[in-house]
Amino acid sequence: MTFQALRGTSDLLAGELARWEAVERTVRRLARRYGYQELRTPVIEDAALFSRSVGETSNIVQKEMFRFEDRGGREIVLRPEGTAAVVRAYLEHHLHKTQGFAKLFYLGPMFRAERPQAGRMRQFHQFGVEAVGSSSPWLDAEVITLCLEMLKACGLTDASLLLASMGCRADQAKSAERLRKRLAPHRAELCKDCQSRFDKNVFRVLDCKNPTCREIVWSEKRSPFVLCAECEAHFAQVKRALADVGIAFNESAVFARGLDYYTRTVFEVRSSRLGAQDAVTAGGRYDHLVKELGGPDVGAIGFAAGIERLLMAVHGGTPSDAADDHRAGIYVAVARPDLLAGGFSLVQRLRRRGVTALMDYEGRSLKAQFREADDARCQWVAILGEQELKTQSVTVKDLAQGSQRTIALDAFVEEAAQGVKAACHR
RNA sequence: GUGGGCGUAGCUCAGACUGGUUAGAGCACCUGGCUGUGGCCCAGGGGGUCGCGGGUUCAAAUCCCGUCGCUCACCCCA
């Protein structure tokens, strides 16, 4: 009986992890540059948090949450997204009272019980940014700019930004009504899914792939979306601010986010280097969520980016072992198995002085030890043999140059430790 | 939840259509040539319930059925 990682989950090994760490470093560096502070929330939350925020009728809540009952009969879920939890924490720690406005970012795993495919995992990872407590359009521009800067700094070169405004709640109701009125005469012709979408969430009919549905939707040229004067002004300001800092975008009237909390500005960043799941980032304003979760009536905006998708778009299928010429560290090789004790005390002396040091404990041939030193990309091999033992010295070979010399043991340890210190000051 | 493709060595894959001696290759790994020296070369070696279960047959990696897994797509989304 052998075990394997659950469907839609995966292990990350050293080579791949280097890329993840680079993304995490970049995200933290840029987030702080823009004044956002890291927040870590639990992976499990009260199920109601998401049904209330993301929406009872949303796909995520209806069929994609990992849900279970704990011993006290509480409904628990593995978080399917980050925004609701951030707002929950914002309120739980009274950030609305102590600082009013909070700029937060997070990084971590999310869970959705979907059928896996390219760019879609059951446990996937996101980094995200949330600015909670303001309705300023400048903040929309800041968040979108930060998002693009992060993606670019991570190496994404073909990001395309899609921008739209869903309007306020009143606008959405009006738009929905207009759309329903337009579709009503053709209701019987719509596909089965759209029949139910008509009542549940009409906007979803707009991105139906069914040819008949498409034809009906597009038969009227005028957009079903209406924006009130305030929302129109807000959106115009966002677009102006983005243009001022040189951010290019495509405006699209027909994409609407499938999460109920979105209002006004919504955006998505896609990459052409991805398959069917081409959204690397999505986000938008959620001006009523804080209040709906029991807080004050303040606006907020944020986004979440999929790390797996980002890495896929940046590196494609390139293997990650990145065998560069960089060599570092010392491999201690012993000429005979009975010298293992001397070798072990030498690697420990080196490690305690901050030097990377490796050795083989199997008592293998020098040839095998050298091969391993080379595979591990060590810079030097320090040989301990009979001759060295007699004179309390080591023979040190530079693997890149092939040169070799014998020096006193204590002097060697000192030299190696100084070398590390020098490298740190550089 | 629905469809397509694929499961043979650690990895990438031949072999399958036209069942037939001990199931192969390359890479990786180990050992030796070079008894105190890496990369290159040469020689040798270890490693496989052919995903699993059943059926057909004298005989199944190969044909049939089922099942599990992976993968891509739909849906939806990061």
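Residue numbers start from 1 in every chain, and the chains themselves are labelled A, B, ... in the order their sequence lines are given, proteins ahead of strands.
Partner A/E45 forms a salt bridge (Lys or Arg N to Asp or Glu O under 4.0 Å) with one of A/R79, A/R67, A/R88 and no other, that one being A/R88.
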In B/S/- notation (B base, S sugar-phosphate only, - none; protein heavy atoms under 4.0 Å), nucleotides 36-41 of chain B written 5' to 3' is BBBS--
In B/S/- notation (B base, S sugar-phosphate only, - none; protein heavy atoms under 4.0 Å), nucleotides 44-53 of chain B written 5' to 3' is ----------
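Looking at heavy-atom distances under 4.0 Å, A/M121 makes contact with a base. Contacts of A/A373 with the nucleic acid, taken as non-hydrogen atoms under 4.0 Å apart, are absent.
A/C378 approaches A/L358 most closely through the heavy-atom pair SG-CD1, 3.8 Å. Considering all non-hydrogen atoms of both residues, A/E56 and A/Q62 come closest at O-CG, 3.3 Å.
Taking atom C1' on both B/rC64 and B/rA25, the two are 30 Å apart, rounded to the nearest angstrom. Rounded to whole Å, the C1' atom of B/rC72 lies 33 Å from the corresponding atom of B/rU56. Comparing the P positions of B/rG53 and B/rC68 gives a spacing of 15 Å, expressed to the nearest Å. Between the P atoms of B/rA73 and B/rC41, the separation comes to 39 Å (whole Å). Annotation: B/rG24 and B/rG45 have their P atoms spaced 13 Å apart (nearest Å). Nucleotides B/rA61 and B/rU71 place their P atoms 28 Å apart, quoted to the nearest Å. Taking atom P on both B/rG39 and B/rA28, the two are 11 Å apart, rounded to the nearest angstrom. Taking the C1' atom of each, B/rA23 and B/rG15 are spaced 8 Å apart, rounded to whole Å.
No N or O donor and acceptor, one from the side chain of A/E268 and one from the base of B/rC77, sit under 3.5 Å apart.
As rounded to whole Å, 13 Å separates atom P of B/rC77 from atom CG of A/D278. A straight line from CZ of A/R122 to P of B/rU71 spans 11 Å, rounded to a whole angstrom. With rounding to whole Å, A/L6 atom CG is found 15 Å from B/rC68 atom P.
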Practice task
Any chance you could lay out the salt bridge (Lys or Arg N to Asp or Glu O under 4.0 Å) test for A/E251 and A/K239, step after step, and finish with the verdict?
Solution key: CA-CA 10 Å; A/E251 210 174 319; A/K239 287 187 281 188; 3.2 Å; yes
ask   = How far apart are the C-alpha atoms of A/R19 and A/E21, what are their side-chain angles, what is the distance that settles it, and do they pass the salt bridge (Lys or Arg N to Asp or Glu O under 4.0 Å) test?
value = CA-CA 5 Å; A/R19 291 175 170 176; A/E21 284 168 7; over 6 Å; no
| said: Working note: A/R33 + A/E149, criterion salt bridge (Lys or Arg N to Asp or Glu O under 4.0 Å); need CA distance, chi angles, decisive distance, verdict. | reply: CA-CA 11 Å; A/R33 184 182 297 175; A/E149 293 284 321; 5.6 Å; no
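Using a cutoff of 4.0 Å between basic side-chain nitrogens and carboxylate oxygens, A/R273 and A/D158 are not scored as salt-bridged. A salt bridge does not link A/R122 to A/E114: none of the charged side-chain nitrogens sits closer than 4.0 Å to a carboxylate oxygen. Taking the charged nitrogens against the carboxylate oxygens, A/R112 and A/E81 have no contact shorter than 4.0 Å, which rules out a salt bridge.
Judged by a 6.0 Å distance limit and a 45° cone about the ring axis, A/R187 is positioned over the six-membered ring of A/F198.
Nearest-nucleotide positions on RNA chain B place A/G8 closer to the 5' end than the other of A/H125 and A/G8.
Both distances falling under 3.5 Å, in either a Watson-Crick or a G-U wobble arrangement, place B/rC52 opposite B/rG66. Applying the Watson-Crick and G-U wobble criteria (two distances, each under 3.5 Å), B/rG38 pairs with nothing in any strand. Across all strands shown, B/rU18 forms no Watson-Crick or G-U wobble pair with both distances under 3.5 Å. Figure legend. B/rA43 is base-paired to B/rU31; pairs are counted as Watson-Crick or G-U wobble with both atom distances under 3.5 Å. Pair assignment for B/rG26: B/rC11, on the basis of Watson-Crick or G-U wobble contacts that are both within less than 3.5 Å. Under the Watson-Crick and G-U wobble criteria, each requiring two contacts below 3.5 Å, nucleotide B/rA73 is paired to B/rU2.
In this structure, CD in A/E24 is found 9.0 Å from CD in A/E38, a value given to the nearest 0.5 Å. Atom CZ of A/R371 is separated from atom NZ of A/K367 by 6.0 Å, given to the nearest 0.5 angstrom.
Under 4.0 angstrom from either OP1 or OP2 of B/rC77 there lies no side-chain N or O belonging to A/Q277.
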Interface polar pairs with nucleotides 1-3 of chain B, N/O, under 3.5 angstrom:
from: B/rU2; atom 1: O4; to: A/R115; atom 2: NH1; distance (Å): 2.4

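Checked against B/rC72, B/rC76, B/rA78, the side chain of A/Q117 finds its nearest nucleotide in B/rC72.
Classification of the A/F267-A/F303 ring pair by plane angle, with boundaries at 30° and 60°, yields perpendicular.
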